[in-house]
Amino acid sequence: MKRLQNRVAWVTGSSRGIGRVVAEHLASLGAKVALHGTTPTSTRQLGEADSLDAVANDIATAHGVDVLPVHGDLTDVDTVARNVAEIRDRFGRIDILINNAGGDIGSTGVTGENAGKPIVNDAVNISLTDVETILDRNLRTCILVCREVVPEMMQRNEGWIVTIGSIAGLSGHPREVSYSVAKAAVHEYTRCLAAQLRPHGVYANVIAPGEIITPRFEASRPTREDRKVQTGALTRYGWPQEVARAVEFFVTSDSSYVTGQVLRVDGGMQLFPA
Ligand code: NDP
């Protein structure tokens, strides 16, 4: 019997990057998985796959589990409700929610210059449109999804929520300010959720990754080849699988008395209290 056999997981933003690897890892542990991207073919934006369906088929075939692709912009209330209804129709419930959708992607989107990372990206000069886009993409999506998914977990007195934050939300920055603020906010929102959910036995924790190699990470900044190694000095970049293993900790009995925490997965890049 696999560790997550009979569990249902929804990983938001799992069409590509970290989310896709997390979704596949949960599937490898036996979970039924709802895969998600903004559109059926947004997987093509950085050449990561032909379609969401293709990613779903790959994961289902590799791990012998049921995988349901759902799509839509999660800043939209009705879209969130539609996605959750589709998942419940197919699987009955959601046991594990991974709030992964997000990123420091401004109003031009992933296909824009700098893979969407705003060129003017500081605390004073960033455009209001980019501020709103980044806050919505990270904070609004997280809150809307939790509002739709969590009440049913509370009724059943069972559930596991993991929010993917960022070390950017744990210290001051001269750049990527809106992103840092948004991630600090999702950290705090998840802590508040954990406090509310304690009596229900529902867990809510945060993973704050450092520099994790994904196609969008590489497309949005200069990167160093010598740091793209799997082992050795922890000054290397991290890999999505290393985030996925931390997710496993938070959604299994390994963390049976752990909630409301922010765990950095950053190779020790930040070594001060959260
Ligand atoms: P990617 O850009 O590769 O993937 C982002 C995912 O989020 C995609 O599936 C995308 O969907 C989805 N998404 C974006 N906006 C929305 C929206 N409005 N509604 C629904 N889905 C949306 O990012 P990464 O894999 O690099 O990052 C994943 C998470 O990890 C993000 O929250 C990011 O902030 C965080 N993180 C990443 C780090 C890194 O170094 N890579 C470091 C720290 C944190 P679509 O494919 O349709 O565009």
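Counting starts at 1 for both ligands and their atoms, following the listed order. Just so you know, residue 1 is the first one in the sequence shown, and it goes up from there.
Backbone and side-chain nitrogen or oxygen atoms of T43 are examined, and none is located within less than 3.5 angstrom of a nitrogen or oxygen of ligand 1. Where the criterion is an N or O separation shorter than 3.5 Å, residue side chain and backbone included, D104 fails it with respect to ligand 1. Checking only distances, E48 never comes within under 3.5 Å of ligand 1, N or O to N or O. For ligand 1, one of its N or O atoms has an N or O atom of L74 under 3.5 Å away. No N or O atom of R216 sits closer than 3.5 Å to an N or O atom of ligand 1.
For the pair R221 and F217, the cation-pi test (distance below 6.0 Å, angle within 45°) is passed. Taking the centre and axis of the six-membered ring of F249, the NZ or CZ atom of R3 falls outside the cone set by 45° and 6.0 Å.
Between H71 and ligand 1 there is no heavy-atom distance shorter than 4.0 Å. Note on ligand 1: G72 sits in its first shell, one or more heavy atoms being nearer than 4.0 Å. Distances shorter than 4.0 angstrom occur between a heavy atom of G210 and an atom of ligand 1. At a 4.0 Å cut-off, at least one heavy atom of Y179 sits close enough to ligand 1 to count as contact. Ligand 1 does not have A115 within reach: every non-hydrogen atom of the residue lies 4.0 Å or more from it. Put simply, no part of R20 is less than 4.0 Å from ligand 1, judged by heavy atoms.
Side-chain contact, D53 with S51: no donor N or O sits under 3.5 Å from an acceptor N or O. Looking only at atom types and distance, the side chain of N99 has no donor-acceptor partner in the side chain of T12 under 3.5 Å away.
Protein heavy atom nearest atom 25 (O) of ligand 1, with residue, atom name and distance: I18 N, 2.7 Å.
Nearest residue to atom 46 (O) of ligand 1 from S15, G116, G13 is S15 (criterion: closest heavy atom).
Note: W10 and H36 have perpendicular aromatic rings, judged against thresholds of 30 and 60 degrees for the angle between ring planes.
The closest side-chain heavy-atom distance from R90 to D66 is below 4.5 Å. Inter-residue side-chain proximity for V65 and K2 is flagged as unmet; no heavy-atom pair is nearer than 4.5 Å.
Salt-bridge check for K183 with D104: failed, with every basic side-chain N at 4.0 Å or more from each acidic carboxylate O. The pair E225-K228 meets the salt-bridge criterion, since a charged nitrogen lies less than 4.0 angstrom from a carboxylate oxygen.
Residue-ligand proximity, N100 to ligand 1, at heavy-atom distances under 4.0 Å covers atoms 28 (C), 29 (C), 30 (O), 31 (C), 32 (O).
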